[in-house]
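Down below is the structure, laid out as structure tokens.
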Amino acid sequence: MYEAQRLSLVEKIHQKGITNKEVLKALNRVERHLFVPKALEHHAYTDVALPIGSGQTISQPYTVAYMTQALDLKVGDKVLEIGTGSGYQAAVLNSMGMKVYSIERQFDIYLKTQKLFDEMQLRIVVRFGDGTIGWEEYSPFEGIIVTAGSPKIPIALKKQLAVGGKMVIPVGDRNSQVLITITKIDEETFEEKESPQFTFVPLIGREGWSQ
Ligand code: SAM
């Protein structure tokens with residue numbers, strides 16, 4: 001279903017500067033309409049964020065593509081996602097052959113998306129909780145992707161990043177953030193690169209916003 005619309009969306013994302021072929025192929029494989037509320041299904045292949053209930057959103061496809069490309073991962077890499085939301089970003093990473101671990105702090109969203117992953121038989125490990133403290137048990141991660149806007153870079157996430165790994169995180173105030181891509185050079189040294197402005201819902205937690 002929606003094959004032509006999906007292909008046209010991927011073409012637009014390519015024209016906007018996403019060149020990683022594996023990312024573009026994954027966006028063409030993963031059926032975004034299965035991750036949005038039924039009533040909004042016909043908007044699934046428009047390049048916009050959409051509401052998913054409980055005041056949250058499924059990220060804009062271009063943003064998903066941008067962040068996935070920035071992570072620069074290889075097949076089999078372990079990735080931690082903070083903010084499972086609809087599950088779409090996790091499904092894109094899973095479809096590229098990554099081992100995905102994802103944390104969601106809203107219980108209703110967590111339950112719904114966990115059920116969806118089960119129905120779709122996607123092997124994505126999901127946990128309910130505060131992602132700003134990471135998931136030490138499965139660390140280190142070759143990639144960490146934070147899909148909510150944070151006032152700062154959580155220290156626990158820097159610790160749980162593998163040496164040579166990358167974290168992509170929106171940092172700024174509550175209304176607007178810049179995407180920061182961090183590369184861990186060694187346990188003490190991190191390189192940071194800033195990308196353009198994006199807008200995300202707030203990251204709420206011990207090392208995020210208080211509410
Ligand atoms: N990655 C999602 C997708 O593909 O649909 C988009 C997620 S939405 C923009 C951000 C999500 O982050 C929301 O579901 C929100 O509840 C969650 N969130 C906010 N703070 C969090 C935290 N500290 N830990 C885990 N999840 C958090």
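Each residue takes its place number in the sequence, starting with 1. As the structure lists them, so they are numbered: ligands from 1, and atoms in each ligand from 1. This structure is a prediction, so every number in the text was calculated from the model and none was measured.
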Could you tell me if any non-hydrogen atom of [X] lies under 4.0 Å from any atom of ligand 1?
X: G208; value: no
X: G129; value: yes
X: T84; value: yes

What are the atoms of ligand 1, with element, lying closer than 4.0 Å to any heavy atom of [X]?
X: P202; result: 19 (C), 20 (N)
X: I58; result: 5 (O)
X: I82; result: 24 (N), 25 (C)
X: Q106; result: 16 (O)
X: I103; result: 25 (C), 26 (N)
X: T132; result: 23 (N)
X: S59; result: 6 (C), 9 (C)
X: G131; result: 22 (C), 23 (N), 24 (N), 25 (C)

Of the protein's non-hydrogen atoms, which lies at the shortest distance from [atom], and what is that distance?
atom: atom 9 (C) of ligand 1; value: T147 O, 3.3 Å
atom: atom 4 (O) of ligand 1; value: Q89 N, 3.0 Å
atom: atom 12 (O) of ligand 1; value: G83 CA, 3.2 Å
atom: atom 14 (O) of ligand 1; value: E104 OE1, 2.7 Å
atom: atom 22 (C) of ligand 1; value: I204 O, 3.5 Å
atom: atom 3 (C) of ligand 1; value: S86 OG, 3.4 Å

Quiz item: Can the positive tip of K78 be found less than 6.0 Å from the middle of the six-membered ring of Y138, inside 45° of the ring normal?
Solution: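 No, K78 does not sit over the ring of Y138.
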Quiz item: Is NZ or CZ of K16 both nearer than 6.0 Å to the six-membered ring centre of Y62 and within 45° of the ring axis?
Solution: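 Judged by the rule (NZ or CZ under 6.0 Å from the ring centre, within 45° of its axis), K16 counts as positioned above Y62.
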Practice problem: Could you tell me whether the side chains of K166 and T181 share a donor-acceptor contact shorter than 3.5 Å? | Solution: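 T181 and K166 do not have a side-chain donor-acceptor pair below 3.5 Å.
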Treat each ILVMFWY residue as a node, draw an edge where side-chain heavy atoms are under 4.5 Å apart, and state whether [X] and [Y] are in one component.
X: F198; Y: L50; value: yes
X: I103; Y: F128; value: no
X: F35; Y: Y2; value: yes
X: M98; Y: I145; value: yes

Exercise. Would you confirm whether Y45, through its side chain, and R32, through its main-chain N or O, come within 3.5 Å as a donor-acceptor pair?
Key: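 A pair under 3.5 Å: yes.
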Quiz item: Does the T147 side chain pair with the main chain of G83, one donor and one acceptor, at a distance under 3.5 Å?
Solution: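 The answer is yes, because a donor-acceptor pair under 3.5 Å joins these two groups.
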Quiz item: What's the shortest heavy-atom distance between S59 and V64, and which atoms?
Solution: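 Looking at all heavy atoms of both residues, the shortest contact is CB-CG2, 3.9 Å.
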Self-check item: T57 and ligand 1 - part of the residue with a heavy-atom distance under 4.0 Å
Solution: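 For T57, the contact with ligand 1 is made by both the backbone and the side chain.
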Self-check item: Part of A49 with heavy atoms under 4.0 Å of ligand 1, whether side chain, backbone, both or neither
Solution: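 A49 to ligand 1: no contact under 4.0 Å from either part.
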Quiz item: Between E81, R105, Q56, Q60, which one has a non-hydrogen atom sitting closest to atom 26 (N) of ligand 1?
Solution: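 It is R105 whose heavy atom sits nearest to atom 26 (N) of ligand 1.
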Quiz item: Does the salt bridge (Lys or Arg N to Asp or Glu O under 4.0 Å) test come out yes or no for D77 and K74, once each step is laid out?
Solution: CA-CA 6 Å; D77 279 351; K74 302 182 303 299; 3.5 Å; yes
Self-check item: The single option from T68, L71, V75 passing side chain to side chain contact (heavy atoms under 4.5 Å, CB included) against M96
Solution: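 In the set T68, L71, V75, the residue that makes a side chain to side chain contact (heavy atoms under 4.5 Å, CB included) with M96 is T68.
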